[in-house]
Amino acid sequence: MEFDFNEDQKMLRDTARKFLEAECAPDKVRAILDDDSKTYDEGLYAKLVEMGFTGAAIPEEFGGLGLGYLELCVIAEELGRALAPVPFASSIFLAAEALLIAGSDAQKAAWLPKLVSGEAIGTLAMSEGNGVPSARNTDTRLEGGKVNGVKAVVPDGASANLIVALVRTSSGDSAKSLSLALVDASSGVTATSQHTVDPSRKMADLSFDGASAELLGGEGEGLSLLEQILDRAAVLTAFEQLGGATRALEMGVDYAKERFAFGRQIGSYQAIKHMLADMYVSQELARSNAYYGAWALSTDAAELPLAAATARVSGTQAFQHCSKNNIQTHGGMGFTWEVDAHLYYRRSNHLALTLGSLRQWKDKLATQLEKQNQAA
Amino acid sequence: MNFDDTPEEAKFRAEVRAWIDANAPKHLDEMLSTSTMGRSNIDPEAFRAESKAWQKKKQEAGWACMQWPTEFGGRGATPIERVIWSQEEGHYGILSGIFLIGQGMCGPTMMGFATKEQNEELLPRLASGEDIWCQMFSEPSAGSDLAGLRTRAEKDGDEWVINGQKIWTSGAHYCDWGILLTRTDPTVAKHKGLTMFFVDMKSPGIEVRPIKQVNGNSDFNEVFFTDLRVSDAQRLGDVGQGWIVALTTLMNERLAIGGGMATGFPELLSFVQGLDFDGTPAIKDGAVRERLADWHVLSAGLKHTSSRMISALSKGETPGPEASIGKLVAGSLMQEISLYAAELQEQTGAIIDTETAPFGGRFQAMMLRSPATRIEGGTDEILRNIIAERVLGLPADVRVDKDVAFKDVPKGA
């Protein structure tokens with residue numbers, strides 16, 4: 001059994017960590033956080049492209065390195081640890097994966113190399129603002145090669161040149177009335193930025209007014225394709241969450257060692273050390289669940305839907321748990337703009353809300369348990 | 001990243017599987033597969049007889065005490081071979097429970113500190129299941145603070161005279177031998193005045209009184225010593241070195257690997273699958289689904305953590321600190337699950353009788369056993385201290401008794 005990353009993958013992790021420590025210190029995150037006019041750190045993203053990170057899991061024929069998903073997982077963890085203020089997840093975990101799952105050869109050839117090179121930024125637009133996307137709440141329509149409608153709080157919506165959108169292709173409440181559209185955002189798309197809990201990862205409403213688009217995958221397959229895209233993205237995002245959780249825990253531990261109260265280090269009090277021990281436990285469980293998700297993703301295992309939902313719920317819970325208690329450990333200082341603790345708190349909640357809520361993923365998880373038990 | 005055996009591991013697994021298939025006590029399958037932590041559906045004496053028979057059979061074929069040296073009746077196997085054995089042994093491993101403390105903790109302590117002759121005489125009998133051993137550490141006033149123990153050993157010629165009391169001693173009522181931690185010098189700081197012995201449990205001066213537990217069973221005991229005389233030859237380690245010897249014992253506490261620790265989650269899922277609320281399947285209920293999802297995350301997390309540890313062993317590495325989270329998570333989880341399952345059973349959840357309780361009363365057995373898991377072998381609070389101090393490197397709590405002679409340390413009742 002080798003339920004771990006191999007030596008090459010660990011080396012890649014070290015490389016990514018050193019690179020991001022040098023290129024993505026917290027002041028880089030704050031530069032995007034503090035500035036409404038900047039959508040992301042373009043200089044950093046260009047360097048991530050140069051390092052080959054965007055193309056890690058994309059086949060060489062489409063401009064990638066063709067390494068694989070395990071390598072992409074390792075990179076995702078480091079991006080999460082550094083809170084990288086770039087549209088990596090939107091472009092690579094969502095848009096590129098959507099193309100790999102459902103794209104025609106022509107669509108892949110047209111867009112994947114651009115996503116890898118950073119020439120294009122992609123994203124996924126699902127929700128129209130009212131609950132879990134379904135045929136009942138999706139009005140955005142694809143007709144005659146044009147899309148019309150409005151999508152709500154799309155991650156990196158204002159930066160995206162390529163939008164994978166959930167659209168209506170026929171009327172009615174049937175799931176079959178929805179499809180995926182590949183929308184070229186160069187004309188007919190207006191982005192309106194939203195103020196969100198984590199301005200270091202910008203989001204925007206997208207209004208489509210006759211934007212050029214074509215079907216991505218078969219007509220009527222929108223929701224089933226969306227499930228597949230989200231399962232893959234959930235595993236990759238779980239690594240991003242894991243990286244953030246691990247760093248928030250480290251910050252809490254470091255502070256508990258250097259801060260003195262009543263004549264001793266606060267980390268010597270059980271109230272503090274037990275809180276930190278519980279953060280460690282949730283982080284370790286999230287790590288193990290994320291590794292299992294990585295295994296399922298990299299082997300395209302039948303267990304992927306269950307593994308992805310488990311990794312997603314575990315990763316979300318661990319990052320929220322570690323980031324909120326990191327603030328608690330810091331006391332009043334943790335609530336200041338100056339201390340970095342809030343950057344992790346913000347990101348944990350951004351990630352918890354952008355790919356479908358915990359409620360949604362727990363429900364998916366339960367559905368998989370139901371299936372598993374019926375099969376047994 | 002994969003779950004495959006190496007070729008050597010696969011060969012070993014095939015050998016183990018073939019032997020178990022040909023030799024396992026299959027007449028016990030029904031009993032073992034429906035037993036729950038804290039309840040085995042068989043009377044304790046019959047259970048011990050089956051345990052001893054299985055142990056003897058394993059030892060004769062060379063499958064006992066996998067990591068012990070062969071000269072003491074073990075197999076000299078690698079850690080990963082031990083894991084493979086326990087995976088393949090499956091529910092028959094439940095039978096080995098009564099030998100766990102002896103073979104996992106007392107045996108290695110003997111190997112470290114007893115003479116060759118003593119080990120050659122006693123350890124093969126422990127390996128074959130002929131003898132059962134216990135560990136006499138905790139006292140009424142020394143649990144988590146083990147080094148605060150008061151059982152007194154005083155030198156008299158070539159012998160020691162021991163007076164005092166131990167508690168929570170698993171299996172003492174049927175054990176043949178035990179290791180015993182005593183205080184030999186109360187005038188020095190608490191960790192420095194301890195000395196370890198091994199004793200014959202049938203000696204005059206030892207009285208064992210079983211403790212009736214919350215769940216009605218009596219697995220633990222009080223052990224009283226009244227002028228117990230023990231030869232100095234049965235001392236383990238130097239006088240005053242008992243704490244160091246005890247740490248060796250505790251370090252050998254079995255890592256919860258291989259099968260992993262029981263959580264009750266598979267039972268809950270299976271129970272819920274067969275349940276309905278007034279005609280609607282329970283598994284369609286939102287509150288039930290949320291609990292299942294939350295608890296699957298914990299139980300899957302433990303299982304995959306165990307896989308990470310096994311992978312480390314497979315590469316010849318020592319598992320990392322993630323090993324410490326197993327009991328902490330599994331203990332509370334089983335308690336929560338058992339309470340919730342009983343809640344779903346409404347009034348019938350109150351029944352504990354095996355014949356009439358829903359789901360064979362398994363959740364009620366867990367309900368009444370799981371509080372012990374959160375205490376025995378290190379309480380939840382001690383485990384959090386261990387994680388915080390040894391894994392995260394946080395400072396230890398202030399110790400007011402550290403440099404004080406034991407006799408001057410403030411004591412309650």
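In what follows, chains are A, B, ... by sequence order, proteins preceding strands, each numbered from 1. Bear in mind that the values here come from a model prediction, so they are computed numbers and not experimental data.
Across all their heavy atoms, Asp397(B) and Arg264(A) have their closest contact at OD1-NH2, 2.6 Å. Shortest non-hydrogen contact noted between Arg384(B) and Ala277(A) is O-CB, 3.7 Å. In this structure, Ser268(A) and Ala396(B) approach most closely via the heavy-atom pair CB-O, 3.4 Å.
Counting heavy-atom pairs closer than 4.5 Å to chain A, the top-ranked of the candidates Glu389(B), His296(B), Glu290(B), His304(B) is His304(B). Top candidate by heavy-atom pairs under 4.5 Å with chain A, chosen from Lys303(B), Arg291(B), Glu381(B), Glu9(B), is Glu381(B).
Contacts between Ser298(A) and chain B at a heavy-atom distance below 4.5 Å are absent for every atom of the residue. Only the side chain of Gln317(A) has a heavy atom closer than 4.5 Å to any heavy atom of chain B. Neither the backbone nor the side chain of Asn6(A) comes within less than 4.5 Å of any heavy atom in chain B. For Leu285(A), the parts lying near chain B are the backbone and the side chain together; criterion is any non-hydrogen pair under 4.5 Å. Of the atoms belonging to Leu276(A), heavy atoms from both backbone and side chain fall under 4.5 Å from chain B. Contact annotation for Thr367(A): both backbone and side-chain heavy atoms come within less than 4.5 Å of a heavy atom of chain B.
Note that CZ of Arg359(A) and CZ of Arg289(B) are 10.5 Å apart. Values are rounded to the nearest 0.5 Å.
Classified by interplanar angle (parallel below 30°, tilted 30° to 60°, perpendicular above 60°), the ring pair Phe3(B)/Trp295(A) is perpendicular.
With hydrogens and angles disregarded, no donor-acceptor distance shorter than 3.5 Å links the side chain of Lys315(B) to the backbone of Glu2(A).
No side-chain N or O of Arg287(A) forms a donor-acceptor pair with one of Thr305(B) less than 3.5 Å apart.
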